[in-house]
**Q** 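Below is the structure I would like to discuss, written out as structure tokens.
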Protein chains: 2
Amino acid sequence: MSEISLDEHEGAARESAEAVRPSGTLHGELLVALRDFIVEGNLEDGARVPERALCERFNISRTPLREALKVLAAEGLIELLPNRGARVRELSPADLRELFDVMGGLEALAGRLACERITDAEFAEIERIHHEMYHFYLRRDMHGYFHCNQAIHQLIVAAAGNATLTATYAGLAGRIRRVRYSANLAKDRDRLGEAMREHEAILDALRRRAGSELSDILFVHLRNKLKAAQPPGASSDE
Amino acid sequence: MSEISLDEHEGAARESAEAVRPSGTLHGELLVALRDFIVEGNLEDGARVPERALCERFNISRTPLREALKVLAAEGLIELLPNRGARVRELSPADLRELFDVMGGLEALAGRLACERITDAEFAEIERIHHEMYHFYLRRDMHGYFHCNQAIHQLIVAAAGNATLTATYAGLAGRIRRVRYSANLAKDRDRLGEAMREHEAILDALRRRAGSELSDILFVHLRNKLKAAQPPGASSDE
DNA sequence: TGATTTTATTTTGCATTCATTTTTTATAAG
DNA sequence: CTTATAAAAAATGAATGCAAAATAAAATCA
């Protein structure tokens, strides 16, 4: 009956909403598992979230499941319709634009903060991955490139040393991750080269600990990323 | 038995976590009411959240209450200790610093976005309140001053026209609102004058639609606000 | 046949119940 | 009188039960 193909995503201990990691409680574990389950795209966009099936899949009763659903709704991953259950939240082009802008703002902040406190060792690590990324870029290895790209942005956020920022950022990132924009990105070679140059500028500003400048670069960088991901004439639904 | 002094905070329909406004469902209403109840300081810092008492107070069973608690924990307002219930989350000086920085980052973003899309009418409204605030400043009317100050920052965020940003901002603002830093702020007259000058600069940059510049000013403005709120030598718990 | 009403089934929201764990109170020992 | 131990009370986490609502299915009529 249950047409869901989940295979126990236990171990993936994603650090998410900061104050909620009640390992040892069913609800806490379930929250993590369910979030991954949805983020990884096991449910179609706009699809109903099948309570019964998920209960059977995770071997729990409805109570902890519904608690987790409420949290995921607060995070914006699903939406709750009164008396009509939960649905996977669809991202309109406008939503995506909003998310990218906020992510851009948070990365801009991360860059600024990172300039204040990043150690030489941390910077060296970012630089190392940057060169690795350049390597992938030359070889047109999209998978490797993308992986490094993610890592760099993640490291900058981490270097900011602000747990609240990290948690907020992770929450928004989860919502975007459902969208397969990577495909669009990878296709546009011009964008790839441009992105590479932007990353050079990021590294440079970070090296000089030029917080305000880095802040600007990162925001624009995210804007360009969005532009590349969005079809040219996509309505912004304003 | 219940030493809680709540008097039905119904109507206050605060727009909060965007995807959760299930008016008509008990859980949704309760979430809003409970959040206000905690934000308004009806529970001591670090105090246990009394499930039983709250159930009686709101006339509901534990199920919807606990659902709301899970959401509030995800928002960071309370923390859940396995088998030991929920407690009102205390804000360490480090937490406060983190929150202010992220709020600063979000306001910086708001300023940048506002410059892109703010209308002359919207700007005029902000300018009007700014002058009103100056009036209060001259008269040393702290209450009026503070109110205007809040309004201006709120309007800038609104002018950004990004619902995701608004929701994220509101979530963090709620956590800070528990702290009575306003008292500290109001006491420091030097800071007040400085803040006034910073607001002049904000207005000026916004008038010129100088997004990047405004972004910087707003972040620094928030930093200074924090500095004024924090006792000089407060440990940053790094 | 196709649309519409009626009935059955499922799903949802919330209350209640139950087994554990924690906290409190009472009791005993040093 | 203080500290340690044991028993009682309360709380928490999760499962189950139940009424109302929504969806699906069947029956009726045009």
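In this text the structure is predicted, and so the values were computed from the model without any measurement. Naming convention: chains lettered A, B, ... in sequence-line order (proteins, then strands); numbering from 1 in each chain. Quick note: numbers below take in every heavy atom, side chains included, and nothing from hydrogens, waters or symmetry partners.
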**Q** Take B:Gly85 and B:Thr63, find for each the nucleotide of DNA chain D with the closest heavy atom, and name the residue whose nucleotide sits nearer the 5' end.
**A** B:Gly85
**Q** Taking A:Asn162 for its side chain and B:Glu98 for its backbone only, find out whether a donor-acceptor pair lies under 3.5 Å.
**A** yes
**Q** Over 60° means perpendicular and under 30° means parallel, so classify the ring planes of A:His153 and A:His221, tilted if in between.
**A** parallel
**Q** Is the shortest side-chain N/O distance from B:Arg52 to OP1 or OP2 of D:dA11 below 4.0 Å?
**A** yes
**Q** Within 45° of the six-membered ring axis of B:Phe219 and under 6.0 Å from that ring's centre, is NZ or CZ of A:Arg112 located there?
**A** yes
**Q** Do B:Leu226 and B:Arg97 come within less than 4.5 Å of each other through their side chains, counting heavy atoms only?
**A** yes
**Q** Tell me which nucleotide among D:dA15, D:dA11, C:dT12 gets nearest to the side chain of A:Arg66.
**A** C:dT12
**Q** What is the separation between atom CZ on A:Arg62 and atom C1' on C:dT11, rounded to the nearest whole Å?
**A** 7 Å
**Q** Show the numbers, then the answer: is there a side-chain hydrogen bond (donor to acceptor under 3.5 Å, both in side chains) between B:Gln154 and B:Tyr169?
**A** CA-CA 10 Å; B:Gln154 196 59 54; B:Tyr169 184 82; 5.3 Å; no
**Q** Please enumerate all protein N or O atoms sitting under 3.5 Å from an N or O of nucleotides 20-22 of chain C, with distances to 0.1 Å.
**A**
none

**Q** Given C:dG13, C:dA15, D:dT16, which nucleotide is nearest the side-chain atoms of A:Ser61?
**A** D:dT16
**Q** Just jot down the side chain to side chain donor-acceptor pair (under 3.5 Å) partners of A:Tyr145, sequence neighbours excluded, or say none.
**A** none
**Q** Rounded to whole angstroms, how far apart are CG on B:Leu80 and P on D:dT12?
**A** 10 Å
